Structures are given as C-alpha cells and as structure tokens.
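Step one of this worksheet: look at the structure below.
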Number of protein chains: 2
Amino acid sequence: MKRKITLKQIARELEVSISTVSKALSGSKEISEDTTQKIQAFAKLYNYRPNNIALSLKNRKTKTIGILIPEIVHHFFSTVIFGIERVANKRGYNVIVGLSNESFTKEIINMEMLANGSIDGFILSISKETLLKQDYHHFHATINQGMPIVMFDRVVSEVDCDKVIVDDFNGAVKAVNMLINKGCENIALLTTMDYVSVGRLRTQGYLEALERNNIEPNSDLILKINDSLNSADHLEFLENEINKFFELNPNIDGVFAVNELYAITAMKVAKKIGLKIPEDIQVIGFTDGVLSKHATPTLTTVSQHGQRIGEQAANLLIDRLESEDVEPDSFIVNSNPKSDFIKLVIETEIIERESTK
Amino acid sequence: MKRKITLKQIARELEVSISTVSKALSGSKEISEDTTQKIQAFAKLYNYRPNNIALSLKNRKTKTIGILIPEIVHHFFSTVIFGIERVANKRGYNVIVGLSNESFTKEIINMEMLANGSIDGFILSISKETLLKQDYHHFHATINQGMPIVMFDRVVSEVDCDKVIVDDFNGAVKAVNMLINKGCENIALLTTMDYVSVGRLRTQGYLEALERNNIEPNSDLILKINDSLNSADHLEFLENEINKFFELNPNIDGVFAVNELYAITAMKVAKKIGLKIPEDIQVIGFTDGVLSKHATPTLTTVSQHGQRIGEQAANLLIDRLESEDVEPDSFIVNSNPKSDFIKLVIETEIIERESTK
DNA sequence: TTGTAGGCGTTATCAC
DNA sequence: GTGATAACGCCTACAA
C-alpha cells in the first residue's frame, strides 16, 4: 500500500527542489527539457495528483458546492441535485450534500459545518420549520461572511441572494384554466397549510384562474390539509380527509392538487367511490414525479423541471463565484453589489396524460 | 462583509501570539485565566470557527465520505444516501456525492476527483457499464492508495473491501415461496439481463424456490428484459414485451418481478387485458419504493431496507477509518489486514399489500 | 535553469 | 504563561 505521492517525495527521489518539481509538472519553460521530462515521467509512473486540500488552502477556494435541502428521498429534490451535479461536474466542481430533514436546528448545524471552509457557496431550499419560525439569521450570517447562496424553490424575500424559483402562480393558473377549458365547473383545490410559500402561490394561481373565467370561488371547494404528520399515518389520514371532502361536495368535477401525492390520493378516492376519471372528474397535480407517470390512469401534471432548476442554480452560483475572482481588480463604480441579485423564474409545463379529457 | 476571522487576526488584534490564541481557544490550562477569557470572548464575538480545510491538511483527514452511485433520481439510492448521511452526520462526517450515471468513465473521473485528498473513504455502488466491462482497476488503485471503500448493493467479489449487500437470493426465495403458498402454480419471472449481479441472484432465488417446492422451472415463464434503453421509449417497450409475454402464456397466475417498475407494469398490463389482481394473478416486486405504496392495487414487495444499508455502510466505513488511526501503534501479530473484510448481508422483508391474496 | 522563502490556517513541540 | 518554530502539500515571487 503506497500512500499518495507528494511533490516533496518526488523532489527527494529525484534530488531536485520542490519548486523545480512543481514547475516542471505545470509545464513551465523555466525548467530544462531534460529535468522536465524526467520529472514528468516519474510523476506519471507514480500517478502523482496534486492534493486537493492543499490546493484549497492555498487558493482559498475549494471548488465544491454545498447543497442543503429538506429531504433527499423525494423525487423533486433528487432531480434538482441531479441538475446541480451535472453542471457542477462539467465546470469542475464537486457537490457536498446536507439534509435538514425540515428541521431548523439541523439546517443551522449543517450550514455551520459546511461554511467553515469546506465549500465555496450554497445552493439550498429552506426547511419547513425555518419557514414557520421565519428566522433567517443563519442565512444572513453566511452571506455576510462572503459566502454566496443560491436559493431554489422554497425561497424567501427577506434574504438577499440569487434565487431560482418555479413559476408556481402561473403554473397553477395554467392548470386550472385547462380544467375549465375542458369543461369543469366545480373545481376543487387540494392544498397545504399556508406557511410554505409555494403552496400559497399555487392557491393564489387557482383563485386567479377562477377569477379570469368569472367563476365565483367557493371556499367549500378548498381543502387545506395539515401535512405536518409523519408518513406512517399520513396516508390514511389523507384518504379520509379527501373522502369526507368528496362526499360533502358531490358536485366536484375537477381537482387541482398542489402536489403529486394529493392528486394521486384524490384519484384513488375518486375511483373508490365510483367516479370515472376523467369522465366524471378530471385531476391535475403539481409536480411531475414517478407516481404520475405510473398511476392508473396516468396523471396530468404541472412539471417543474427540477433538473433545469438545479442546472440554473449551479450556473448562477458558479458564475458568481468565478466573477468574484475578478472583482478586487475591477474598479467599477456602479458595482452596486447589494441589489443585483438574480431571480430566475423557471416556467412550468403541463404534461397531459389520462386524468384529463 | 467581514470575511471569516482567523487565529492570526485574533492574535494581531489582541496583541498576543497565534499559538497563545490557539491554546486559549482549546482550553489549554497553560494559558492564564485572564488571557483565556479575553481571547474566548473575542472569538465568540467574532464568531470564530477553525477552518476545516486547514484542519484537514494538518490532520490528513477530511472527515468527509465520498458517495459514488449510478443515479440519484431513484428511490433506492436516495434512501441509501439518507441512511449514510444520518450516521455520517451523527459521527461528525460530511458527505460528498458523485454520480456515475451508469458510466464507466464518469465513475473513474469522479473517483479520481475525490480521491485526491477530498475525502477519507468511499461508499459506492458499481455502475452497470463497469459491471459489463468487468474492469475494476480504479477500485484496486484507490484501495492501494490506502483509501478504504465500502461497496453496497452492486458489489463484486474481485475487489477486496467491506460490503453491504441485500440478501437478494433469499429475498427472491421468500417472495416466490409466498406466491406458491398462496396457490400460484405458474409463476412468471420478470428479470433483467444477467450482468447486474443482483438480477442474477434474484433469478437464482426464483429457481431455488421452485425447486424446493418440486416445481419444474419452465423457461417460457421467464422474461429477460433488455433494460439498456433509455427511459423515453423504455416504458412503452416494457409494456409491449410484457403484453406479448402474457398473451403467449395465459396460464400465468403469479408474477415475481426483480424490480418495482417491472412489477407495476405487469400489473398495468394484467389489468388492461382483463385480469383481476390478486384473484386471477398475484404480483410481487423486488424493491419497495413509492410506486408500490401508491399503485392500485397496492403492490406486495420485497423491501431492501435501503436506509439500513446506508447506515451500515457508513458505520463500517467510519469504523475502519477510525481504527486506522490506532493501527500504527498496535503491534498485533495476527492483524491479517488482507482478509478481514466484512460482508454484511441485510435481510429483506416482505411487505404484504393488495396484489397478493 | 534551479533553488529559497513565504504563506494559506491550524496545531503541537519545544524554548524562553 | 507565552511565544517561536515546524509541519501538513502546494504554489510563486524572487534570488542565485
């Protein structure tokens, strides 16, 4: 077992100085043909590779991106990671993943763990608990330390940073519009509690679409589901809630659900009580995951393009990291660093499947 | 924007030496009460945290684990990551993720990228292409460099390292046994091509169960599906294959599928051609993912306990990393480092749902 | 053409 | 009690 070889060892072995080795390996023409050749051959033989940690320390940049997300066993988030990793890798960066599990404390711990030199910047989506608490001091702190953050999906206006968001509002408008155009007259909304901003935006989109079509919103047709329960009991609870809801409102002929699970469950309940999809009731869900594609009938969804979100976020972050390099040299007067944060809105796309006519 | 503060800056500010600051902060009692207090207060005020990179360089360990997997948008793998992250975090480690996308080359590039000091050890699952090529030199190389590897799920006997695997063989036996006990007489096997070892093991389990029950295996009832196509066309292809298969073998009353997708698709096709589940045909799939839980009918599956796999793998790796620290001091004669690699077999568990009687 | 020295941030050893 | 020094591995400005 031969440990990784270092410049020092090569130098000792070849009886030259460390800097000669360094220069020879980087192809500097300060060094003579002969020694360069000799050194490069030796290095190749022993498979020399510069130590990343040493480089990081010297260059004060690690070439790695920290991702901090609420959960990973989740189609949307893993898709985003996939997108991030893709461009990160292409641009020479690694990716380090931290999970908050929707917990405020774990989010903070993870941030501190990574912010101490391990990474050059963050790409993150805020945990539910943090959103509830509305305590964003840890974001401000790391930004103040000069570490850039790019937020995606669950973002918050209180923090100044680059953001990549889904066009939740218009996605919902499009979906509900489609239901209306396909003949639905009593469209139900299945949504979450308000504190997760995306849920709120999707609800607003639902209302907006109704208004544009001169349909009076009916609060009976809106079901707000408490999603704070954990998965074990959650599924049953969900089915019961939706079941009650459908029985109270037998006139429902269209459903817009703010996430895939609600949509799938709505279909399941509908089928159980004898409704035909899409003949009797049409369903559209936000978020295009595995379930939608494989449900029977397959589910029409609003796709968020998770991969694109990840790619854009990574590009945004890396662009900022690499532009910072130049900053100290440039004396642009209007650099205006406070307000030129970018907010990318990723358009949604409706994927039509069998649950709509 | 105040950059992260360093020992040097504290020292300068307080007009003491760097080493005094270092000692004071680590609570050494070499330093007087007074200065210790003063320094600690100052450090707290400026929120001093030691720089991880510098520590890594000094200690020659990064306290981070490299995960290298074929894909991340995949329930099983993300579950494993979840498990790894959990124990890694608990034990003070970070987790850096690389994706091979089932590509041999990307696997190598990622390994080399991470092996140059960025991590202390690997947890990985081998890409399909690598398994096909049977070229494992990169694993040997990194192990030879003194970097431990723990493989999970897709492992290979040619590489000497710790392994955590699913009991694919017995899982399959259990599943097929269950089908037999529930009255199935013509059990079909839906499997992949042979080169992915887990597929082969599950196939062997299927055969074993038949044999134990004195049932003559019938090659007509085994469908090997070419899964090298990409997802776009794959689904349709899959449905067609299974459809043809079912039509050729109308006597099938039980299906064991080596993965969730095949099982779900089999159910879909069965329903389409008018078979009732589980009355006419019962189905069990390997891998317990989201689809199984939400399909109609819900699918009986063989759960692999992905999270536990991840946890065990992480514990194995960290145990090895932290035992290495002691090694140089201990002069145990029978240390026998070559052959004491651990192979953990995680038992599967059948989760009964509606697709079986 | 080659080598020396300093520094990235930290800790540990040893001297004062 | 406090501080100087070396070392982790690398790079680079500056000497020789």
Side-chain angles (χ1 to χ4, degrees), chain A residues 2-40 42-43 46-63 115-120 145-147 325 328, chain B residues 2-40 42-43 46-63 115-120 145-147 325 328:
Chain A
K2 39 180 185 189
R3 269 232 115 67
K4 292 233 69 173
I5 198 171
T6 68
L7 287 186
K8 192 195 248 189
Q9 292 167 46
I10 299 182
R12 182 155 9 101
E13 214 66 34
L14 262 40
E15 299 182 299
V16 289
S17 79
I18 294 179
S19 57
T20 305
V21 178
S22 174
K23 286 172 187 164
L25 289 179
S26 65
S28 157
K29 51 206 156 92
E30 281 181 43
I31 308 298
S32 73
E33 278 283 311
D34 271 16
T35 37
T36 301
Q37 290 246 309
K38 198 173 50 175
I39 291 175
Q40 288 191 343
F42 190 90
Y46 283 89
N47 192 32
Y48 169 80
R49 295 271 180 281
N51 179 310
N52 281 333
I53 296 294
L55 287 180
S56 296
L57 185 58
K58 173 129 198 58
N59 303 329
R60 288 124 139 273
K61 60 182 57 144
T62 60
K63 290 272 191 179
N116 296 318
S118 302
I119 61 166
D120 295 340
Q145 275 171 153
M147 172 152 311
D325 295 353
Chain B
K2 41 182 182 186
R3 270 230 115 67
K4 293 232 69 173
I5 199 170
T6 67
L7 287 186
K8 192 195 247 189
Q9 292 167 46
I10 299 182
R12 185 159 2 106
E13 214 67 33
L14 261 41
E15 297 183 299
V16 288
S17 80
I18 295 179
S19 50
T20 304
V21 178
S22 175
K23 286 171 188 165
L25 289 179
S26 65
S28 157
K29 52 205 156 92
E30 281 181 48
I31 308 297
S32 72
E33 279 281 313
D34 271 16
T35 37
T36 301
Q37 291 245 308
K38 198 173 52 176
I39 291 175
Q40 288 191 344
F42 190 90
Y46 283 89
N47 192 32
Y48 169 80
R49 294 272 179 284
N51 179 310
N52 280 333
I53 296 295
L55 288 180
S56 296
L57 184 59
K58 178 130 198 52
N59 303 330
R60 289 128 139 276
K61 60 182 55 144
T62 59
K63 290 275 194 175
N116 296 317
S118 302
I119 60 166
D120 295 338
Q145 276 172 149
M147 172 152 310
D325 296 352

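Note that the structure is a prediction, hence the values are computed from the model and not measured.
- Separation of atoms OH (Y46(A)) and CD1 (I5(A)) is listed at 6.5 Å; rounding is to 0.5 Å.
- Put simply, the side chain of I119(B) reaches to within 4.5 Å of the side chain of M147(B), judged on heavy atoms.
- In this structure, the side-chain contact (heavy atoms from CB on, under 4.5 Å) partners of K4(B), at least two apart in sequence or on a different chain, are N116(A), Q145(A), R49(B).
- The nucleotide range of DNA chain D contacted by chain B, defined by atoms under 4.0 angstrom from heavy atoms of the protein and reported 5' to 3', is dG1(D) to dG9(D).
- Partner of S118(B) under the side chain to side chain donor-acceptor pair (under 3.5 Å) criterion, out of N51(A), T62(A), N52(A): N52(A) alone.
- Side-chain contact between V21(B) and L25(B): present, with at least one pair of heavy atoms (C-beta onward) separated by less than 4.5 Å.
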Reading nucleotides 4-10 of chain C from 5' to 3' and marking B where a protein heavy atom lies under 4.0 Å of the base, S where only the sugar-phosphate is that close, and - otherwise, the string is B--BBBB
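- Contact annotation: the side chain of E13(A) never approaches that of I10(A) to less than 4.5 Å [non-hydrogen atoms, C-beta and beyond].
- Between F42(B) and L14(B) the shortest side-chain heavy-atom distance falls below 4.5 Å.
- For S19(B), the side-chain contact (heavy atoms from CB on, under 4.5 Å) partners are S17(B), not counting sequence neighbours.
- Considering only residues two or more places apart in sequence or on other chains, K63(B) meets the salt bridge (charged side-chain N to carboxylate O under 4.0 Å, His left out) condition with E322(B).
- Using a 4.0 Å cutoff on non-hydrogen atoms, the parts of residues 28-37 of chain A near DNA chain C are E30(A), I31(A), S32(A), T35(A), ordered by number.
- In this structure, OG1 on T6(A) lies 7.5 Å from OH on Y48(A), to the nearest 0.5 angstrom.
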